[in-house]
S.K.: 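Here's a structure for you.
In what follows, chains are A, B, ... by sequence order, proteins preceding strands, each numbered from 1.
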There are 2 protein chains.
Amino acid sequence: MELEQLTECYKAMADRTRLNILALLRHEELCVCELVEILQMTQPSISQHLRKLKQAKLVKERRNSQWIFYSIDGEMYPFIKANLEALPDMSEKIEQLKASGGKVCC
Amino acid sequence: MELEQLTECYKAMADRTRLNILALLRHEELCVCELVEILQMTQPSISQHLRKLKQAKLVKERRNSQWIFYSIDGEMYPFIKANLEALPDMSEKIEQLKASGGKVCC
DNA sequence: TTAGTATATAACCATATGTTTATATAGAAT
DNA sequence: ATTCTATATAAACATATGGTTATATACTAA
C-alpha cells in the first residue's frame, strides 16, 4: 500500500481515545452522544477524534434523524481485522450504557 | 491487549520514516549507517526513530563490532505480520545499496 | 417561526513530536 | 594512547496534536 495512506491510518490509531472508540464500535454502531457518555469526554473532543478516524477511512457515518451513527469501515486496510481483534473487549461499557437508559433508540 | 501498549505501538508506526524503516527491515537486518544511506536522512534522526521503534518493541538490536544491526521484533503483537505485509516493497532500495557498495559486510 | 437537541467547526492554549546541530560514548585500528 | 568510525544523547526550535470554550449548523418538535 501507499505509505501516505498507511501513515494516516496509524496516526489515526495512535491515540488512546480513538482506540477506545474503535474498540467500542467493534461491538456496534454508536452515535456521538453515546460515545460522549461512555468515554466521559466533551462532545467537541469526541467529534474531532471521529473526524480523524473518518478521514483515515477507519469509520463511516450514517445519519438517522438528528443523530449521526458511526461504525467501523476499514475496508481499504487488509490488516484491519487483525488489529481490531487485539483491542480490549468493551462490551461491559455498552451494557452499562443500555442499563442506564443512555442508549439512543431509533 | 492493553490500550497503553497498543497506543505506543501505533504511535511508533505513525510516522513515514519509521514505516520506511520497518519496510526495509522486513527484507533483512540493517545497521544505522545503512538506513541513513538509503533514507538520506541524518544519523541522529534515524537513531531517534529507531529508539522509538525499539521502545515499542517493534524492532530489536544486535551489536556486531562497531555496528548495531536492527531487525523486526514485534513478537508481542498478534497483528504485526498482517501490518508488515501491507508495507510497500523496498527490495529495490536494498539492491541499490548493495550495488553501490554501501553494504556493511560482517 | 421558535425552541430544543445533536453534532461540527473555530480559536486558543499547552504539550508532544520530528529535525537539526553539537557533543558524548563505544569499539577498531594504528 | 590516539585517531577514526559508528551510534547515542542532549539542547533548541518549529510544527503537530489534543483538549477546552465558544459558536455555528442541522434536524426535530411545538
S.K.: Between B:S65 and D:dT5, does any side-chain N or O lie under 4.0 Å from OP1 or OP2?
M.R.: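 For D:dT5, neither OP1 nor OP2 has a side-chain N or O of B:S65 closer than 4.0 Å.
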S.K.: What is the distance, to the nearest angstrom, from the CZ atom on A:R63 to the P atom on D:dT25?
M.R.: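 Going from A:R63 (CZ) to D:dT25 (P), I get 14 Å.
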S.K.: A:M1 and A:L6: which non-hydrogen atoms are nearest, and at how many Å?
M.R.: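 What the structure gives for the nearest pair is SD-CD2, 3.7 Å.
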S.K.: Let's see if you can work this out: which of C:dA22, D:dG18, D:dA11 has an atom nearest to the side-chain heavy atoms of A:H49?
M.R.: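 Output: D:dG18.
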S.K.: side-chain hydrogen bond (donor to acceptor under 3.5 Å, both in side chains) with B:Y70: which of B:R62, B:K60, B:E61?
M.R.: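 With B:Y70 as partner, B:R62, B:K60, B:E61 yield a single side-chain hydrogen bond (donor to acceptor under 3.5 Å, both in side chains), made by B:E61.
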S.K.: Picking from D:dG18, C:dA8, C:dT7, which would you name as closest to the side chain of A:D15?
M.R.: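 Of the candidates, D:dG18 comes closest.
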S.K.: In whole angstrom, give the distance that lies between atom CZ of B:R62 and atom C1' of D:dA6.
M.R.: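 Those two atoms, CZ and C1', are 15 Å apart.
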S.K.: Kindly indicate whether the side chain of A:Q43 and the base of C:dA8 share any N or O donor-acceptor pair separated by less than 3.5 Å?
M.R.: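 Flag set: donor-acceptor pair detected.
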S.K.: Counting side-chain heavy atoms from C-beta on, which of C:dA8, D:dT7, D:dA10 comes nearest to B:S47?
M.R.: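 Output: D:dT7.
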S.K.: Applying a 4.0 Å non-hydrogen cut-off, can you work out what A:K52 is touching in the nucleic acid: base, sugar-phosphate, or nothing?
M.R.: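 Sugar-phosphate only.
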S.K.: Starting at CD of B:Q40 and ending at C1' of C:dG18, how long is that distance when rounded to a whole Å?
M.R.: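 Whole-Å distance recorded here is 18 Å.
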S.K.: Can the ring centroids of A:Y10 and A:F79 be said to lie less than 6.0 angstrom from one another?
M.R.: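 When the ring centroids of A:Y10 and A:F79 are compared, they turn out to be within the sub-6.0 Å range.
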S.K.: Does A:Q48 or B:I46 map to a spot on DNA chain D nearer the 5' end, using the closest nucleotide for each?
M.R.: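 Mapping each residue to its closest nucleotide by heavy atoms, the 5'-most match is B:I46.
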S.K.: For C:dA6 and A:Y70 - does any side-chain N or O of the residue sit under 4.0 Å from the phosphate oxygens OP1/OP2?
M.R.: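 Result: no.
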S.K.: Which is true for B:R16 with a 4.0 Å heavy-atom rule: it touches a base, it touches only sugar-phosphate, or it touches nothing?
M.R.: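 Contact class for B:R16: none.
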S.K.: For C:dT19, take OP1 and OP2 only and decide whether either is under 4.0 Å from a side-chain N or O of B:T42.
M.R.: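 Indeed not, no polar side-chain atom of B:T42 lies that close.
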S.K.: To the nearest angstrom, how far is B:R51 atom CZ from C:dG18 atom P?
M.R.: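 In whole Å, C:dG18 P and B:R51 CZ are 12 Å from each other.
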S.K.: If I take atom CD in residue B:Q66 and atom P in nucleotide D:dT3, what distance separates them, rounded to the nearest angstrom?
M.R.: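 Checked: the CD to P distance equals 18 Å.
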S.K.: Using whole Å, report how far CG of A:L39 lies from P of D:dG18.
M.R.: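 Between P of D:dG18 and CG of A:L39: 15 Å.
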S.K.: If only side-chain N and O atoms of A:S45 are considered, is one of them under 4.0 Å from the OP1 or OP2 phosphate oxygen of D:dG19?
M.R.: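 Yes, A:S45 has a side-chain N/O under 4.0 Å of OP1/OP2 on D:dG19.
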S.K.: A:E37 has an atom CD; how far is it from atom P of C:dT7, in whole Å?
M.R.: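 Going from CD in A:E37 over to P in C:dT7 covers 12 Å.
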S.K.: Show the nearest heavy-atom pair for residues A:I21 and A:H49, with the distance to one decimal.
M.R.: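 Closest approach of A:I21 to A:H49, heavy atoms only: CD1-CB, 4.0 Å.
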S.K.: Taking atom C1' of C:dT7 as reference, at what distance in whole Å does atom CG of A:L35 sit?
M.R.: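 To the nearest whole Å, that distance equals 12 Å.
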S.K.: Between B:Q5 and B:A56, what is the shortest heavy-atom contact and its length?
M.R.: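 Looking at all heavy atoms of both residues, the closest pair is NE2-O, 4.0 Å.
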